[in-house]
Chemist: 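Here it is, the structure in full.
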Amino acid sequence: MKRRHSFRMACRFRRKDHRLFHGPQMRLSRYFLPILKENPREAEIVSHRLMLRAGMIRQQGQGSFSMLPLGKRVLDKVCQIVREEQNRAGALEILMPTIQSAELWRESGRYDDYGKEMLRIKDRQERDMLYGPTNEEMVTDIFRTYVKSYKDLPLNLYHIQWKFRDEVRPRFGVMRGREFLMKDAYSFDLDYEGAKAAYNRMFVSYLRTFTRMGLKAIPMRADTGPIGGDLSHEFIILADTGESQVFCDKQFLSLPVPGEATDFTDDTEIGGIVQEWTTPYAATDEMHDEAAWGKLPEGERLSARGIEVGHIFHFGEKYSKPMNAKVQGPDGKEHFVSMGSYGIGPTRLIAAIIEASHDENGIIWPESVAPFDIGLINMKVGDADCDRICDMLLDQLSAAGRDVLYDDTDQRPGGKFATADLIGLPWQVIIGPCGAAAGEAEIKNRKTGERETLPISAVVARFGAAE
RNA sequence: CGGAGUGUAGCGCAGCCCGGUAGCGCACUUGACUGGGGGUCAAGGGGUCGUAGGUUCGAAUCCUAUCACUCCGACCA
C-alpha cells in the first residue's frame with residue numbers, strides 16, 4: 001500500500017494497527033509529527049525554531065504552548081529524570097492544585113506583595129482565587145496540618161505541576177513562557193543545620209539531574225534578596241545563546257559529578273561535594289566580582305553565556321512564622337520550621353538542552369531525553385526486502401526495549417534524512433535496496449555523523465538491551 | 001509599561017506607495033514516473049486579506065480605532 005506521509009492520518013484509527021498507537025514502537029505514517037520546512041517568523045532563537053520545526057510544540061498564545069506528541073515524549077523523559085533524582089535524594093512526590101485560594105496567600109502576606117505577575121481570578125461565589133505561580137503557602141499548610149514533631153523531620157515534598165506567571169515579557173518560546181511546568185520541592189527542618197543539610201542534598205541532586213541530561217550545569221551563588229543568607233544557588237548551563245553572561249573557573253568543566261552510589265543520608269559526604277562545587281569562582285554578571293575574577297589566572301577563566309535551569313533557596317522561617325508551622329523539638333519547645341525551596345523548569349530545560357545541543361540540520365538529543373532512541377529509515381517503502389527487514393528490525397529492537405520511530409512513509413531519501421536529522425534521534429538505522437540485497441544495514445550517529453555498515457543480523461546486538 | 005516591528009491559504013512570502021474584486025513557493029488531494037541527502041510531470045482543493053468603523057461607484061490597498069503576535073529594556077524556573 002502506498003502511503004504518503006500525512007500527520008492527519010494519525011487521527012484515523014485502524015483496528016488492525018491498534019497496537020501501533022501504544023508502546024515503544026511507532027510508525028511515522030501513523031504518528032502526528034507536523035514538521036515545518038521553513039522557520040516560523042516569530043521564532044527568533046534556535047531552540048524555539050527547532051521545537052516548532054520538529055513539531056514538538058504549538059503556540060497557543062503569548063507564552064503558552066501545547067506539547068505535541070514528540071515534545072510530550074521529551075518532556076516525560078526530562079520529568080522522569082528529575083523525579084528519579086528527587087526521589088534518590090529523599091524527596092517525596094505529591095501533587096498540589098494549580099488554582100489556589102487567596103486565603104493562604106493573605107496569611108503569608110504575599111497576596112498583596114506578589115504583584116501583577118500573579119494571575120488573580122474570581123470563582124462564581126466571587127471568592128478570590130489565583131493560578132499558582134509557586135506553592136510555598138499551600139505546602140506549608142499541608143505540613144502544619146500533619147507534622148507536629150521533630151521526629152518526623154527532615155521532610156521534603158515536591159511536585160511537578162503547571163505554574164502561571166504573568167511575566168512582564170514572555171519570550172523565546174518555552175524558555176520563558178507564562179504557563180510552564182515546574183518541579184518545585186520544599187524542605188522542612190527543625191533548625192538551620194538541618195535546613196542546610198536539606199539544601200545540600202538538593203544541590204547534589206541537581207548536579208546529578210542535569211548531568212544525566214547531557215548538560216554541564218554550574219552552580220552559581222545567587223542573590224538572596226531581602227532575606228539574606230548565603231544559601232541560594234542558580235544552576236546555569238553553558239550555551240552560546242544563553243540569556244545571561246557568566247564567569248567561572250574552568251575547573252568546573254572537570255569536576256567529578258557525584259555518581260549513583262552517592263549516599264544522600266550521609267550529611268558529611270553530601271556537604272563535602274557541595275564544598276567542592278562551591279569553592280571555585282562562579283558568578284552571573286549580576287553577582288560578578290571583578291576583583292575575585294581578576295585573581296584567577298587568565299587561562300583558568302571561563303567567560304560564557306548561560307541559561308538558568310534551576311534555582312535552590314533557603315528561606316528559613318519566612319512562611320513558617322506567619323503561617324504558624326511549628327514542630328515540637330527534643331527540648332520540648334515549639335520551633336518554627338526552617339524551610340527551603342528548590343525549582344527546576346522542565347519545559348525550559350527542553351529548550352536549554354536544544355540550545356546546548358544542535359547543529360544546522362536540527363536537534364541533537366542526548367540519549368537520555370531523546371523522544372525515541374532510534375530512527376529506522378526505510379529507503380524504499382514498497383520494496384519487498386526493505387519492508388520485510390524493517391518490520392523485522394522494528395519488532396526486534398522494540399522487543400529489546402528500544403524506542404523506535406519507523407519512517408515507513410514514501411518520501412524520498414533526502415526528505416527522510418532531513419526529517420531524521422531535524423528531530424534529532426541519536427541513532428538512524430538505514431535500510432536501502434542495495435544494502436538489503438547484500439544483507440547489510442547502515443547505522444548513523446546523529447551527533448558525530450559517523451556511519452557504519454554491518455550485517456542486518458547484527459543490528460539488534462549492536463544496540464544491545466536497554467537498561 | 002516605554003521603544004521598534006509584523007498581521008494576506010497550514011508554513012514562508014509578494015501584492016499596498018499609485019484603489020478595480022487576490023497571487024507565488026512549500027505543504028495538502030488524485031494519477032503517473034521516480035528512489036541514498038528536502039525529485040519530475042499532469043490535474044485539483046483551500047483565503048471573511050487580524051477585527052471594527054469610515055472615505056469611495058468600488059478597499060488587501062487610503063483614514064481612524066482596536067486586537068493579536070514578535071523583538072529591545074526593568075523581572076524571572
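For clarity, every value in this text was computed on a predicted model and none was experimentally measured. Each chain gets a letter, A, B and so on, in the order the sequences are listed, and its residues count up from 1.
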Chemist: To the side chain of A/Arg41, which of B/A77, B/C13, B/C72 is closest?
Modeler: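 For A/Arg41, the side-chain atoms sit closest to B/C13.
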Chemist: Is A/Arg412 side chain donor-acceptor paired with the B/U34 base, going by distance under 3.5 Å alone?
Modeler: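 For A/Arg412, whose side chain was compared with the base of B/U34, there is a donor-acceptor pair (under 3.5 Å).
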Chemist: Would one find a side-chain N or O of A/Gln59 under 4.0 angstrom from OP1 or OP2 of B/U70?
Modeler: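 So the side chain of A/Gln59 is within the cut-off, an N or O lying under 4.0 Å from OP1 or OP2 of B/U70.
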Chemist: Taking only side-chain nitrogens and oxygens of A/Gln62, does any of them come within less than 4.0 Å of OP1 or OP2 of B/A68?
Modeler: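 A/Gln62 to B/A68 OP1/OP2: no side-chain N or O under 4.0 Å.
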Chemist: Is there a Watson-Crick or G-U wobble partner for B/G44 with both distances under 3.5 Å, and if so, which one is it?
Modeler: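 Per the H-bond distance test, B/C28.
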Chemist: Please determine, for the side chain of A/Phe172, which listed nucleotide (B/C71, B/G36, B/U70) has the closest atom?
Modeler: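 Nearest nucleotide to the side chain: B/C71.
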Chemist: Does B/G2 have a Watson-Crick or wobble mate here (both distances under 3.5 Å), and if so which one?
Modeler: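 Paired with B/G2, as far as the under-3.5 Å criterion goes, is B/C72.
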Chemist: The side chain of A/Glu442 lies closest to which of these nucleotides: B/A27, B/C76, B/G36?
Modeler: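 For the A/Glu442 side chain, the nearest candidate turns out to be B/G36.
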Chemist: Is it the case that the ring center of A/His311 lies less than 6.0 angstrom away from the ring center of A/Tyr342?
Modeler: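 Aromatic pair excluded; centres sit 6.0 Å or further apart.
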Chemist: Base, sugar-phosphate alone, or nothing: which one does A/Glu167 contact when heavy atoms must sit under 4.0 Å apart?
Modeler: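 Since a base atom lies under 4.0 Å of A/Glu167, the category is base.
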Chemist: Looking only at the side chains, is there a donor atom on one of A/Tyr158 and A/Arg83 sitting less than 3.5 Å from an acceptor on the other?
Modeler: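 Their side chains do not contain a donor-acceptor pair, so the 3.5 Å distance test is not met.
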Chemist: Can you tell which of B/G37, B/C69, B/G38 lies closest to the side chain of A/Ile35?
Modeler: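 Closest nucleotide to the A/Ile35 side chain: B/G38.
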Chemist: Once hydrogens and angles are ignored, does a donor-acceptor distance under 3.5 Å link the base of B/G12 to the side chain of A/Asn39?
Modeler: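 There is none.
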Chemist: Tell me which nucleotide, if any, is Watson-Crick or G-U wobble paired with B/U56 when both distances must be under 3.5 Å.
Modeler: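 B/U56 is paired with nothing.
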Chemist: Please name the nucleotide paired to B/G7 by Watson-Crick or G-U wobble geometry with both distances under 3.5 Å, or report none.
Modeler: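 Base-paired to B/C67.
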Chemist: Quote, to the nearest angstrom, the C1' distance that separates B/A60 from B/C16.
Modeler: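 One C1' to the other, the span is 7 Å.
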Chemist: Provide the distance between the two C1' atoms, one in B/G39 and one in B/U34, to the nearest whole Å.
Modeler: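 The answer is 7 Å between these two C1' atoms.
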Chemist: Pairing check on B/A14: which nucleotide meets the Watson-Crick or G-U wobble criteria with it, both distances under 3.5 Å?
Modeler: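 Pairing partner: none.
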Chemist: Using both distances under 3.5 Å as the test, list the Watson-Crick or G-U wobble partner of B/G36, or none.
Modeler: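 Matched B/G36 with nothing under the 3.5 Å cut-off.
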Chemist: Over all heavy atoms of both residues, which pair between A/Ile456 and A/Ala436 is shortest? Give the atoms and the distance, please.
Modeler: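 Of all heavy-atom pairs spanning A/Ile456 and A/Ala436, the closest is CD1-CA, 4.4 Å.
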Chemist: Consider the side chain of A/Arg165, meaning its heavy atoms from C-beta on, and name the nucleotide among B/C71, B/G36, B/A77 that approaches it most closely.
Modeler: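 Of all the options, the side chain of A/Arg165 is nearest to B/A77.
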Chemist: What contact category does A/Met379 fall into here, base, sugar-phosphate, or nothing, at under 4.0 angstrom with non-hydrogen atoms?
Modeler: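 Base contact - A/Met379 has a heavy atom under 4.0 Å of at least one base atom.
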Chemist: When the C1' atoms of B/A27 and B/G44 are compared, how many Å lie between them, rounded to an integer?
Modeler: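 Rounded to whole Å, the distance is 14 Å.
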Chemist: Between A/Phe180 and B/A77, do the rings stack, that is, sit under 5.5 Å apart with planes less than 30° off each other?
Modeler: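 It does: the two rings, one from A/Phe180 and one from B/A77, meet the stacking criterion.
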Chemist: Is the A/Tyr319 ring parallel, tilted or perpendicular to the A/Phe315 ring (thresholds 30°, 60°)?
Modeler: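 If you compare the ring of A/Tyr319 with that of A/Phe315, the planes turn out perpendicular.
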Chemist: Given the P atoms of B/C67 and B/C28, what is the spacing between them in whole Å?
Modeler: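 It works out to 38 Å between them.
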Chemist: Where each residue is assigned the nucleotide of RNA chain B containing its nearest heavy atom, which of A/Gly343 and A/His48 is assigned the position nearer the 5′ end?
Modeler: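 Nearest nucleotide further toward 5': that of A/His48.
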